[in-house]
Amino acid sequence: MAEFTTVIEDIQNTAVIRISGYLDAHTAPKLEDAFNEQILRSQYRIVIDFENLKYISSAGLGVFMAFIETMRSNSGDIKLAAMQPNVFNIFDLLGFPYLYEIFPDTQSAIQKFAHNPQA
Amino acid sequence: MKRSLTYLLKNGKIQLLLLSIFGGILLKIFGGALQYAPLLFLGEVLQFFIVVFFIVNLSPYIRKLSKNPIALLTGFLIAAIGIQFVLQVIEPLYGLTRLGESGTAFSVVVTTLTHLVLVFSSAYLFGSLRELFFLKQRRKVDVQFNSLVFFLGVAGISAFVKSYKGFEFIHFTFYAVTILLIIYNCAKISWIAFLSKKEKRNVILLTIALIFIVIWNIILLNDEFIEKLIMGYSPGIESFLFLIHIYGLVYAGVLFFTALFHLPTAEAIDRKNQELESLQYISRLLNQVFDPKELASTVTELAVSVCASDAAWIVLKKGNENSVISPRNIDIRDCESVNNLVLELYSASGTEIRFIDLKENISQRTNGIPYTFAAVVPLRRHNALSGFLITTKTGAVPFDEDDRSTLETFAYYVALAFENSRLFEESLERERLANELEVAREMQQKLIPASVPDYANLEISAAFIPAFEVGGDYYDFFEMADGRLGFIVADVAGKGISAAFIMAELKGIFETLSGLLASPREILLRANTLIRRSLDKNQFITAISGIADPLTGEVILSRAGHPPALHISGNQISEIQPAGYGLGLTASAQLAGTLVEQKIILRKDDTLFLFTDGITEAMDEHMKDFGLIQIREILARESGKSVKEIQQVILHALVKHAEGHIQHDDITLLILRWNKN
């Protein structure tokens, strides 16, 4: 059974969600829970750290889509960072770079929030 | 009644009885006159037979009462009262008719009738005593009772020797043994333990009445006139009457004291029985009730009755939240308030039952309801806390250790019942899903083209392998009016029936748009607008839409987030990946800013290969995917072969790669080769 974990860290008024393992239909709910937790805390500035993510399926992609509107309409955003090449490829194929800001590392994503309070 | 009478008549039973009675009378007259022993003996045998006749024919009626000792005792009492009545009227009756020891026909008839009534009643007494003896006996005690019956019979039959000097001891011995056996058989009366407190009290009252009547009967039987009268009729009957009354007296006496000693513990036993019944009831529930709501309602009802408490409810834990369900004898709002208080005071790890004293917090936190004590019972499943059963009392009596052990057993059954209910729901869910998949599969089959179009210069091959859980792949062809071929390969994110529905809609949209628009980019943009309405927030579709011209080898296509098309020319492979992201992500106006259309020129024997990510992402047992690189290698290698052959090779390699691993996503591939000069 594929494993998936989320670790949340608050840095500079942003929630950094570090995800690792395999993100698919079975494990997607865990990520959904993490997003919902942030919404309950009124935290709408999210950076996702993809460094340890090995695989993502369309169900996993769907999770980001489900929450992006909520975050953006509350002056926040979901920024994606530190993707492995194969994962980036999937996002790229899908055309996500047109819709989401993708950064090579989490620091630059956090900085983007800092410089641009309105995301 | 009428039916049994005719039955008796038909059976010849009544005839038999009458015969014996007359026989007895005759023998009495002649035997008595002649004092001839054998005749007297024969007379006694006939009397014995009459007694047995009554006993045998009464026993089915008495047996109907066999489960009800109080009814048996009452019947016994009534029969004894009947005997009392006869004994009372015997003397005045004789006085009235001025009959003494004279042997007139009339006196014989009257004597016989009175004695028949006495015999009938004592046969009923005997029958009742027998049923009572066998009540709730667990071991085989036939031998005990039958020896008593034997000696009773023998004592009766031998009674007539009393008038013969020197032979009295025979009768006396049997008589004595019978009395000993009576005492032995009455030594233990165990059925009293099973009665409720109220029934035990009634038994005591009945036995008092019984003892009173039986003693009075015995006194009357000892009366000189009566004794002489009955002895004169039949000594055996006299012995039988007497012994039966002794039996009745001893039995009633023992019963009285037994019941008396059982009285103090009666209430505790009642309660234990009720607990046992409740536990039996709930264990039956395990097999019957699967609806969680109904189960919760029954559990709270039982909790209140088992603990003699006032209110009960169940708390379910879901993550960090507690939800109160099924409040019994308490309003839901009051319940939530009291619940918060109780759980605060509980503050234990959720592994043990705790009794909580609420007296200090009354009315403030309990919304004015005077609860004094609460019992909190954790419900555990798979070694984790799934909730609590809470029951509360008013009044001064706290929960005790008996309650604790009952609640522990109760909680175990309750947890089991909820688990059962959950498993049942899961199996229903699985069945529902399986059915859903069936429907989705059928739908998908109908959406995929049954055959590939046939063009002179265009070789087409298509393969579609659905995943077990029905992924969202779809491909289609559209033969346009100008002779060109429209095609689409699409992948709806998601599985099951919802993906199948989207596919169905997409098919309709594609067919319509292909007839109206000649630009794949336009088709995708329009499709985006139309399909967005049906998609969930987290759903999207990737697709490649294209139009191929069989005459010129020109292909225009547009790609919405889909894996690239591969163009194989000789052994050159290029990835066709025009810009564009998936459908359903944004409004078409925004998509239009990114989505482009690309034109490819196919030379002779060039191949165009389209696929969905089900292929590239097919995993082997080591979770390694098949990958684009492998596809490219195969295509380069096999480029000379026909499209059908290429397809076979790829699928073959795919099967080999994914051996032992379940296919998670639909696999679709579409190969076009242009072979016109």
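The chains referred to below are lettered A, B, ... by the order of the sequence lines, with proteins before strands, and numbering in each begins at 1.
Nearest heavy-atom pair, A/L94 versus B/T542, reported as atom, atom and distance to 0.1 Å: CD1-CG2, 3.1 Å. In terms of heavy atoms, A/M65 sits closest to B/Q539 at CE-O, 3.4 Å. Taking each heavy atom of B/N538 and A/A66 in turn, the nearest pair found is CB-CB, 3.7 Å. Considering every non-hydrogen atom in both A/L93 and B/P564, the closest pair reads CD1-CD, 3.6 Å.
When the shell of 6.0 Å around CD of B/E429 is examined, it contains more than 12 heavy atoms from other residues, nucleotides or ligands. Other residues, nucleotides and ligands contribute more than 12 heavy atoms inside 6.0 Å of the CD atom of B/E426. No more than 12 heavy atoms of other residues, nucleotides or ligands lie within 6.0 Å of CZ in B/F501, so this atom counts as exposed by the packing criterion. Counting heavy-atom neighbours within 6.0 Å of B/R532 CZ, excluding the residue itself, gives a total above 12.
With values rounded to the nearest 0.5 angstrom, B/D665 atom CG is found 8.5 Å from A/S57 atom OG. A distance of 9.5 Å separates OH of A/Y98 from CG of B/L595, quoted to the nearest 0.5 Å.
Listed by chain and residue number, nothing satisfies the salt bridge (Lys or Arg N to Asp or Glu O under 4.0 Å) test with A/D92 (two or more places apart in sequence, or in another chain).
Annotation: maximal heavy-atom pairing with chain B below 4.5 Å, among A/Y55, A/F64, A/F96, occurs at A/Y55. Residue with the most contacts toward chain A among B/G472, B/A560, B/G580: B/G580 (heavy-atom pairs, distance under 4.5 Å).
When each of B/T586, B/L591, B/T594 is tested with A/L99 by the rule side-chain contact (heavy atoms from CB on, under 4.5 Å), just one qualifies, namely B/T586.
In this structure, the side chains of B/K537 and A/I68 stay at 4.5 Å or more apart for every pair of heavy atoms.
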